[in-house]
Asks: 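Shown below is the structure under consideration.
All values below were derived from every heavy atom in this structure, side-chain atoms included, with hydrogens, water molecules and symmetry-related copies excluded.
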Amino acid sequence: QVRLVESGGGLVQPGGSLRLSCVASGTILNINGMGWYRQAPGKERELVADITTGGSTNYADVVKGRFTVSRGDAKNTVYLQMNSLKPEDTAVYYCYADKVTYQTDWGDIVATAGSWGQGTQVTVSS
């Protein structure tokens, strides 16, 4: 089974920075792409940024120039460097892995459409 675990959230003042990390655990054979979504209270979940296996990135307009998404060398990790944070960036941030192929404990090969982490809270406030 695939499990995505986020870390790095917290409370930061406006203008500050945070770095989120997400690790996909399990016997991972392939992950197509990874990214970050966020959901603020009373709002729908929205894409923040994503990155393909080849390194192509995509950002929401509201975070361009402030956030940077990257993947680790092992390809089962994704990071989100968030600079110049604003109060409107306050939300629960979720890691997403697209088209994950993994091996179960019984040796079966399973392909999933996508997997989500449990979320990490980011609060930007003075």
Asks: Tell me, please, which residues at least two apart from E46 pass side chain to side chain donor-acceptor pair (under 3.5 Å).
Replies: R38
Asks: Could you pull out the closest heavy-atom pair between C95 and V78, with the gap in Å?
Replies: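 Minimum heavy-atom contact is SG-CG1, 3.7 Å.
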Asks: Would you please name every residue forming a side chain to side chain donor-acceptor pair (under 3.5 Å) with Q118, sequence neighbours left out?
Replies: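 Result, side chain to side chain donor-acceptor pair (under 3.5 Å) vs Q118: E6.
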Asks: Got D98 and I31 here, is their nearest side-chain heavy-atom distance under 4.5 Å?
Replies: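 Contact flag for D98/I31 side chains = no.
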Asks: Quick one: list whatever passes side-chain contact (heavy atoms from CB on, under 4.5 Å) with A111, sequence neighbours left out.
Replies: T101
Asks: Rounded to the nearest 0.5 Å, how far apart are CG of L11 and CD of Q121?
Replies: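 Between L11 CG and Q121 CD, I get 9.5 Å after rounding to 0.5 Å.
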Asks: With sequence neighbours excluded, tell me which residues meet side-chain contact (heavy atoms from CB on, under 4.5 Å) with V5.
Replies: R3
Asks: Please list, chain by chain and in numerical order, all residues satisfying side-chain contact (heavy atoms from CB on, under 4.5 Å) with D105, sequence neighbours excluded.
Replies: none
Asks: List the residues meeting side chain to side chain donor-acceptor pair (under 3.5 Å) with K64, not counting sequence neighbours, and say none if there are none.
Replies: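 Partners of K64 by the side chain to side chain donor-acceptor pair (under 3.5 Å) criterion, ordered by chain and then number, come out as D61.
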Asks: Enumerate the residue pairs fulfilling disulfide bond (SG atoms under 2.5 Å apart) with a member in residues 53-93, sequence neighbours excluded, ordered by first and then second residue.
Replies: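 Every candidate disulfide bond (SG atoms under 2.5 Å apart) pair involving residues 53-93 fails, so no pair, neighbours aside, qualifies.
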Asks: In chain order, what residues pass the side-chain contact (heavy atoms from CB on, under 4.5 Å) check against S84, with sequence neighbours excluded?
Replies: R66
Asks: Test: ring pair (Phe, Tyr, Trp, His ring centres under 6.0 Å). Region: residues 4-27. Which pairs qualify, not counting sequence neighbours?
Replies: none
Asks: Return yes if some donor-acceptor pair links the side-chain N/O of T57 with the main-chain N/O of I51 below 3.5 Å, else return no.
Replies: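 No; zero donor-acceptor contacts below 3.5 Å.
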Asks: Quick one: side chains of residues 13-21, donor-acceptor pairs under 3.5 Å with protein atoms, not counting sequence neighbours, listed by atom name and distance.
Replies:
residue: S17; atom: OG; partner: N83; partner atom: OD1; Å: 2.9

Asks: Among residues two or more places apart or on two chains, list those pairs meeting ring pair (Phe, Tyr, Trp, His ring centres under 6.0 Å) that have a residue in residues 81-101.
Replies: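 Applying ring pair (Phe, Tyr, Trp, His ring centres under 6.0 Å) to every pair that reaches into residues 81-101, excluding sequence neighbours, yields Y37-Y96, Y96-W116.
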Asks: Determine which pairs satisfy ring pair (Phe, Tyr, Trp, His ring centres under 6.0 Å) with at least one residue from residues 52-80, sequence neighbours left out, and list them in order.
Replies: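 Residue pairs with at least one partner in residues 52-80: there are none.
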